[in-house]
Amino acid sequence: MCRASALLLAATVAVVALGGCAVSLDDEAPDTSAAPDAPLLASCPVAASGAVAGATGRVQAVSLPDGSVLAVLGAVQHGSGSPTEAASVVHLATANTLGACGEGLAAADDAGGGVDVTALDSDAAGTALGVWVEPGEGAVHAFVSVARGFDVLGTGLATLDRATGRFIAGAGYLFAGDGRPSYGDAALVAGGYVYAYGCAASGFLAEDCFVARAPVADAGDRTAWRYFRDGGDFGADPDDAWPLFSGGSGLAVAQVGPRVVVAHATPLGDTVLLRTGLGPTGPWSPAAPTTRCEVPAGAFCGALAFVAPLADAGELALTYAVASFEPLDAAARRTRLVRLSAP
């Protein structure tokens with residue numbers, strides 16, 4: 001369970017905004033001595049073009065079978081100075097019009113409301129987590145976190161309705177919102193399965209990350225999900241799940257050639273670490289500090305995503321959201337993109 005003390009109420013608020021949960025102050029802090037060794041690689045604000053000032057929150061994009069690109073953005077800022085923000089934006093872009101920093105991922109006429117979770121709870125709000133494309137027919141799905149305020153109710157599965165440009169959640173939660181790992185935070189399709197990754201608190205500013213899987217065709221059926229238990233074994237009981245590695249909520253996962261690459265940020269920190277695995281369940285390399293996030297003093301990064309349509313050969317394009325316990329102006333809150341050498 002992920003238990004927050006009264007002293008960490010502020011931390012709870014900030015981390016939930018990035019897709020995570022707060023942790024107890026009573027446990028020993030992890031060794032983060034390697035984190036300062038990461039370089040500060042150049043980054044840029046995502047989707048800053050024309051009347052679109054930028055994007056905030058998690059920014060994802062996937063390539064569709066017809067060659068177009070579907071962007072899913074936490075929010076889009078319109079205008080300058082004190083821009084207005086449209087939340088939960090889904091935008092269909094053309095691949096050959098995307099700029100180096102994501103120009104074209106959002107448009108000035110994008111409307112909010114890209115996630116509909118009415119089938120799960122008519123009084124709650126939904127946030128898109130991992131987005132994935134079904135092989136073959138190309139149906140697009142997103143794991144969606146459903147919450148009332150800061151009370152996370154659970155995670156469901158939503159499917160893109162191309163007629164309306166909205167993700168529509170199906171009935172029934174796949175994963176509980178009771179402090180178990182945040183399954184669906186990142187998604188990967190491999191070998192006929194969809195893998196849902198998520199993390200849970202394991203100590204002071206420390207988290208362990210887990211994975212569950214289901215056949216792609218049965219991803220919307222809660223009873224089809226199995227939880228990794230070590231040694232390539234999966235079981236039906238989520239309480240028997242074993243952690244894959246130590247990491248952080250808001251992680252990103254991608255298939256790069258024959259290997260799987262995972263990125264996560266230090267909890268409430270500003271360092272991005274990469275791991276590589278021989279498959280969706282590992283085994284995994286040690287976490288390598290790769291870059292520091294370009295954030296204001298006192299701020300931290302999270303809600304990472306690999307954005308394959310923006311990556312060139314031999315590199316990874318990674319976006320990260322910015323948050324702070326102190327107020328930040330519109331420009332400082334914008335999600336940023338950094339380019340990394342592919343491992």
Side-chain angles (χ1 to χ4, degrees), residues 1-6 8-24 55-60 72-76 85-90 112-132 141-160 166-187 196-201 207 209-210 212 219-220 222 225 238 248-252 265 267-268 300-305 320-325 333 335:
M1 296 287 288
C2 179
R3 298 181 292 271
S5 69
L8 269 180
L9 179 59
T12 305
V13 171
V15 180
V16 166
L18 287 176
C21 54
V23 299
S24 171
T56 60
R58 177 171 266 159
V59 170
Q60 304 178 76
V72 182
L73 308 100
V76 170
E85 292 198 17
S88 189
V89 169
V90 177
V115 178
D116 182 346
V117 295
T118 304
L120 294 169
D121 192 305
S122 59
D123 296 323
T127 301
L129 301 176
V131 177
W132 53 282
H141 306 281
F143 293 108
V144 290
S145 176
V146 182
R148 289 198 203 101
F150 297 108
D151 182 16
V152 178
L153 305 178
T155 298
L157 185 69
T159 301
L160 180 68
R166 307 181 76 193
F167 280 101
I168 310 297
Y173 292 105
L174 300 179
F175 311 113
D178 57 2
R180 287 192 174 102
S182 54
Y183 292 112
D185 203 15
Y197 296 81
C199 305
E207 298 185 41
C209 298
F210 301 75
R222 179 173 184 168
W225 285 88
S249 294
L251 76 168
L268 298 188
F300 50 93
C301 59
L304 279 59
Y320 58 82
V322 179
S324 174
F325 296 136
R333 291 188 289 108
T335 299

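Atoms considered below: every heavy atom in the structure, side chains included; atoms not considered: hydrogens, waters and symmetry mates.
Of all non-hydrogen atoms in Gly179 and Ala200, the two that sit nearest each other are O-CB, 4.2 Å. Scanning all heavy atoms of the two residues, the minimum distance from Gly248 to Cys209 falls at N-SG, 3.7 Å. Counting all heavy atoms, side chain and backbone alike, Ala55 lies closest to Leu73 at CB-CD2, 3.8 Å. In this structure, Tyr173 and Gly156 approach most closely via the heavy-atom pair CD2-N, 4.3 Å. Minimum heavy-atom separation, Ala196 to Gly184: CB-N, 3.6 Å.
Applying the side chain to side chain donor-acceptor pair (under 3.5 Å) rule to pairs touching residues 146-158 yields Asp121-Arg148, sequence neighbours excluded.
With values rounded to the nearest 0.5 angstrom, Phe325 atom CZ is found 4.5 Å from Phe300 atom CZ. For the atom pair CD1 of Ile168 and CG of Leu120, the computed distance is 11.0 Å after rounding to the nearest 0.5 Å.
Put simply, the side chain of Thr335 gets close to the backbone of Gly57: a donor and an acceptor are under 3.5 Å apart. Remark: side-chain polar atoms of Glu207 are not paired, donor with acceptor, to backbone N or O of Pro181 under 3.5 angstrom.
Two residues are said to be in side-chain contact when any heavy atoms from C-beta on lie closer than 4.5 Å; Arg58 and Asp185 meet this criterion.
Each of Thr159, Val72, Val117, Asp116 was evaluated against Phe167; a single residue qualifies, Val72, per the side chain to side chain contact (heavy atoms under 4.5 Å, CB included) test.
Ring to ring, Tyr183 and Trp225 are not that close: their centroids are 6.0 angstrom or more apart.
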